[in-house]
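Only this structure's heavy atoms are used, side chains among them; waters, hydrogens and symmetry mates stay out.
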Amino acid sequence: MQGARFWVICVGCALNLMSMRIPIIAFLTLAALAGGELAARAIDPSAAPTEAEFREGTAEIDRRDACPTRAQRQEDEVSLTSGTILKNGQDARSTRDELFCGTGILPVDKKLIDNGATSQVNPTVQDLPPSDELAASAGEVRAAQLSPRESLSLKSSHHKDFTSLLKTPATIATKAEIPEAVNSNARQLGGTLQISQAGNAEGVYVAEVKIRFVNSRGEAVDKKGNPVEGRISEDFIRGELKLKAGDNYSREVVRSDLQQLQQLGLFDKVTVSIEEVGTDVNVIYNVQERSARSFSVSASLSDDVGVAVPLSYTDRTFGRNPQRLAVELEPSLRGIQYDVEFVSPYVAAEDRLGYSVRAFGDRRISEIFNKDIDLPNGNRVREIRVGGNLRFTRPLGDWRGTLGLNYTNISTRDRNLNIARRDELGNPLTFSGSGVDELYTVSFGAMLDRRDNPFDPTRGSILSLSTEQSIPLGRGNIVSNRLLANYIQYVPVTLLGISESEALPEMLAFNLQAGTVIGDLPPTEAFRLGGRNSVRGYDSGDIGSGRSYFLASGEYRFPVGRDVGGVIFVDFASDLGTGDSVLGKPAVVRDKPGTGAGVGVGVRVRSRFGLIRLDVGVSDSGDIKFILGTKQRF
């Protein structure tokens with residue numbers, strides 16, 4: 001959804017939203033008035049966004065967004081209701097943490113996890129996010145204590161000496177637990193702290209694997225000392241874990257378990273604690289459940305449809321335990337946009353294939369045919385997309401694969417939804433020349449996740465690859481293949497002398513993306529460069545729209561306070577000289593440069609709504625853009 005948007009009302013039945021602090025409201029309001037774009041929760045039904053983001057059990061990529069990591073839809077303009085985001089100036093569903101541009105990979109958001117997932121991994125894997133509710137965890141991080149020990153006799157085929165081993169307050173397995181001690185042990189940041197220090201326990205015999213439910217504050221017991229009760233069966237959760245009692249502790253196995261629990265879409269956060277029991281250890285998975293159901297309603301204003309009322313409903317108890325139904329509607333005076341999806345993620349305990357079914361209808365002002373060239377009647381070009389897809393997901397060794405069958409009907413229209421075939425200069429707007437193109441495609445994507453933690457990564461990498469082959473059916477008889485790649489690397493640093501941060505650790509983050517289309521290319525399917533999830537400092541699509549693209553971004557992230565962090569970033573993108581190979585040359589006739597760069601600074605704030613970001617980008621042409629959104633850029 002384009003144009004200025006504002007919130008009139010926000011109801012999140014499952015987010016347990018507390019009253020917002022006046023200083024935060026004032027800050028966000030001033031940022032928006034200063035030039036930032038504030039978006040309401042909306043719908044991003046394109047079968048392929050470009051920002052990779054984890055969604056609840058599936059992932060897809062936006063074929064039109066050349067850059068987001070639709071990780072990092074992923075970007076995303078913010079709706080402070082139940083966590084929807086906008087990517088590349090497009091409406092995107094939350095519930096997923098997304099990953100690359102194209103179609104098809106794994107798990108992820110459009111629903112924000114909203115935020116449980118990742119950092120968006122931008123070119124869009126829909127969930128990964130991507131949507132999902134904003135993570136409402138603000139737990140403190142307690143440094144696990146190391147206890148010097150003599151050599152330990154391991155219950156395995158070999159023996160190994162350890163000089164230190166994690167233990168919990170008062171050895172929880174053998175002594176009565178004090179509420180404060182239990183909560184201190186359970187309240188960890190994304191599992192990364194525990195996994196890092198638990199490296200000293202590598203290979204130690206695991207006596208027991210426990211499941212512990214925690215609340216949004218990371219507490220396992222209430223003020224009266226009663227344990228927090230969970231809705232989901234402990235046996236079901238334990239069945240999803242590779243680590244079993246009797247195994248030797250392995251960081252890699254624990255990391256894999258965190259990823260599996262994330263893709264189920266049932267949890268806002270999962271951490272791992274270790275307690276010492278003699279010469280053995282107990283491993284505790286602390287899980288914060290998402291609400292069983294959530295509903296939100298808000299209001300927005302757009303220069304396209306005017307006043308709209310976005311509605312969203314998510315049911316995570318639909319059907320079998322991990323299955324869920326998500327419905328998003330956006331009625332306005334000019335029609336109804338919708339996005340409906342049923343997701344059944346891969347279940348490791350049963351080795352059951354994951355799948356999702358989705359139907360969507362979306363309307364937006366084109367970011368390909370933008371700038372000063374409109375339709376003969378003076379209207380701006382609108383793109384209407386209607387379609388659906390069926391996707392299947394399952395692990396492929398260390399990779400996670402997704403196979404998709406997709407259909408999208410794309411039409412170019414004026415403000416009143418009349419078909420538009422050419423712009424005011426006579427250039428064609430669709431490949432068929434009729435104003436309507438139909439895409440029947442088969443997509444395959446694979447993702448290799450080497451991050452230390454999928455909820456709050458501090459080190460490691462994630463690689464996603466996808467291919468999408470069109471079948472020459474329907475209007476246009478389009479025959480093409482779209483290839484996409486997205487890579488993200490996280491590198492911890494201590495330039496400020498801070499060894500660790502409770503919420504926003506110091507690190508360097510890098511993102512490389514590339515893509516190309518072989519064969520027929522409808523103008524509406526060209527890669528768009530520039531925008532909040534591409535080169536900050538430019539509006540979406542203002543750098544170019546080409547057959548191929550390359551994008552590189554780098555960020556230095558550092559802590560400022562307990563829940564506040566800063567970012568210094570550099571972005572660069574190029575259409576690799578392919579702007580004139582797109583039918584009608586939409587970028588060339590609109591004088592788009594084809595290559596652009598931007599630098600800037602940003603602020604990250606952890607709130608009860610999840611991570612909120614404000615970026616100020618300056619382009620190489622001197623333009624300044626303010627970006628207000630949710631989640632990290634990638």
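- For the pair S356/E341, a side-chain contact is recorded, criterion being any heavy-atom separation below 4.5 Å from C-beta on.
- Between N533 and L551 the shortest heavy-atom distance is O-CD2, 4.3 Å.
- Rounding to the nearest 0.5 Å places CG of L266 at 10.5 Å from CD of Q323.
- The main-chain N or O of E289 is never found under 3.5 Å from a side-chain atom of R316 such that the two would form a donor-acceptor pair.
- Donor-acceptor pairing under 3.5 Å is recorded for the side chains of N481 and T467.
- Side-chain contact check for F342 versus R358: every heavy-atom pair is 4.5 Å or farther apart.
- Scanning all heavy atoms of the two residues, the minimum distance from V479 to P472 falls at CG2-CB, 3.4 Å.
- Checked by atom type and distance alone, the side chain of S545 never pairs as donor or acceptor with a backbone atom of A526 at under 3.5 Å.
- Contacts of V307 classified as side chain to side chain contact (heavy atoms under 4.5 Å, CB included), with partners at least two apart in sequence or in another chain: L301.
- Atom NZ of K242 has 12 or fewer heavy atoms from other residues, nucleotides or ligands within 6.0 Å.
- The side chain to side chain contact (heavy atoms under 4.5 Å, CB included) test with V214 singles out one residue from N286, V270, D268, V228, and that residue is N286.
- Taken from CD in E367 to OG in S540, the straight-line distance is 3.0 Å, to the nearest 0.5 Å.
- Electrostatic pairing of D315 and R293 counts as a salt bridge here, judged by a charged N lying under 4.0 Å from a carboxylate O.
- The minimum heavy-atom distance between Q469 and S480, with the atom names listed, is NE2-O, 3.0 Å.
- Donor-acceptor pairing under 3.5 Å is recorded for the side chains of S432 and D437.
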>> Show, in sequence, the C-alpha distance, side-chain angles and deciding distance for Y313 and E328, and conclude whether the side-chain hydrogen bond (donor to acceptor under 3.5 Å, both in side chains) test is met.
In response: CA-CA 7 Å; Y313 172 76; E328 293 190 2; over 6 Å; no
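- Each of R231, Q288, E234 was scored for a side chain to side chain contact (heavy atoms under 4.5 Å, CB included) with F213, with one residue passing: E234.
- When side chains are defined from C-beta on, D362 does not count as touching I384, because their heavy atoms never get closer than 4.5 Å.
- Using a 4.5 Å heavy-atom threshold, the side chains of V381 and I365 count as separate.
- Using a distance-only test at 3.5 Å, with no hydrogens or angles considered, no donor-acceptor pair links the side chain of D339 to the main chain of F360.
- The nearest pair of heavy atoms linking E330 to A308 is OE2-CB, 3.6 Å.
- When side chains are defined from C-beta on, S443 counts as touching R391, because their heavy atoms get closer than 4.5 Å.
- Contact between G401 and L396 at its shortest, heavy atoms only, is CA-CD1, 3.9 Å.
- Remark: the backbone N or O of P322 is paired with a side-chain donor or acceptor of R324 at under 3.5 angstrom.
- Using a distance-only test at 3.5 Å, with no hydrogens or angles considered, a donor-acceptor pair links the side chain of Q337 to the main chain of R363.
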>> Could you walk me through whether V436 and I419 satisfy the side-chain contact (heavy atoms from CB on, under 4.5 Å) test, starting with their C-alpha distance in whole Å, then the side-chain angles of each, then the deciding distance to 0.1 Å, before giving a yes or no?
In response: CA-CA 8 Å; V436 179; I419 289 289; 3.8 Å; yes
>> Run I410 and T430 through side-chain contact (heavy atoms from CB on, under 4.5 Å) and show every step you take.
In response: CA-CA 9 Å; I410 309 166; T430 60; over 6 Å; no
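- The shortest non-hydrogen separation linking P522 to F431 is CA-CB, 3.9 Å.
- F236 pairs by the ring pair (Phe, Tyr, Trp, His ring centres under 6.0 Å) definition with nothing, not counting sequence neighbours.
- In this structure, CG in D449 is found 10.0 Å from OG in S464, a value given to the nearest 0.5 Å.
- Inter-residue side-chain proximity for I518 and L483 is flagged as met; some heavy-atom pair is nearer than 4.5 Å.
- Looking at N511, its side chain does come within 3.5 Å of a backbone N or O of Y487 through a donor-acceptor pair.
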> Checking side-chain hydrogen bond (donor to acceptor under 3.5 Å, both in side chains) for the pair E468/T441: CA distance, chi angles, key distance, verdict?
Replying inline: CA-CA 6 Å; E468 184 178 12; T441 66; 2.8 Å; yes
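- Between the CZ atom of R290 and the CD1 atom of I232 there is a distance of 10.5 Å, given to the nearest 0.5 Å.
- Both cation-pi conditions hold for R482 and F527: the charged atom is under 6.0 angstrom from the six-membered ring centre and inside a 45 degree cone around its axis.
- Using a 4.5 Å heavy-atom cutoff, the side chains of L261 and L241 are in contact.
- The CG atom of L243 sits 6.0 Å away from atom CG of D257, with the distance rounded to the nearest 0.5 Å.
- Using a 4.0 Å cut-off between a side-chain N of Lys or Arg and a carboxylate O of Asp or Glu, R364 and D304 do not qualify as a salt bridge.
- At a cut-off of 3.5 Å, with distance as the only test, a side-chain donor of R604 or Q632 sits close to an acceptor on the other residue.
- A donor and an acceptor atom, one from each side chain of R334 and S332, are nowhere located under 3.5 Å apart.
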> Yes or no on side-chain contact (heavy atoms from CB on, under 4.5 Å) for T630 and L611, after CA distance, side-chain angles and deciding distance?
Replying inline: CA-CA 6 Å; T630 59; L611 185 69; over 6 Å; no
> Is there a salt bridge (charged side-chain N to carboxylate O under 4.0 Å, His left out) between E240 and R238 once you walk through the steps?
Replying inline: CA-CA 5 Å; E240 294 300 298; R238 195 174 285 107; over 6 Å; no
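- Considering only heavy atoms from C-beta on, K269 comes within 4.5 Å of T271 through its side chain.
- A salt bridge links R606 to D456: one of the charged nitrogens lies within less than 4.0 Å of a carboxylate oxygen.
- Judged by distance alone, the side chains of S312 and S296 do bring a donor and an acceptor atom under 3.5 Å apart.
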> Between V442 and F444, is a side-chain contact (heavy atoms from CB on, under 4.5 Å) present by the stated rule, with each step listed?
Replying inline: CA-CA 7 Å; V442 177; F444 176 76; over 6 Å; no
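- In this structure, S434 OG and R475 CZ are separated by 6.0 Å, a value rounded to the nearest 0.5 Å.
- Between the side chain of N215 and the backbone N or O of E219, at least one donor-acceptor pair lies under 3.5 Å.
- The six-membered or imidazole ring of Y407 lies near that of Y440, with a centre-to-centre distance under 6.0 Å.
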>> Please determine whether side-chain hydrogen bond (donor to acceptor under 3.5 Å, both in side chains) holds for the pair E383 and T524, giving the CA-CA distance in whole Å, both sets of side-chain angles, and the decisive distance to 0.1 Å.
In response: CA-CA 8 Å; E383 292 181 19; T524 54; 5.3 Å; no
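- Not a single donor-acceptor pair under 3.5 Å links the side chain of R394 to the backbone N or O of Y346.
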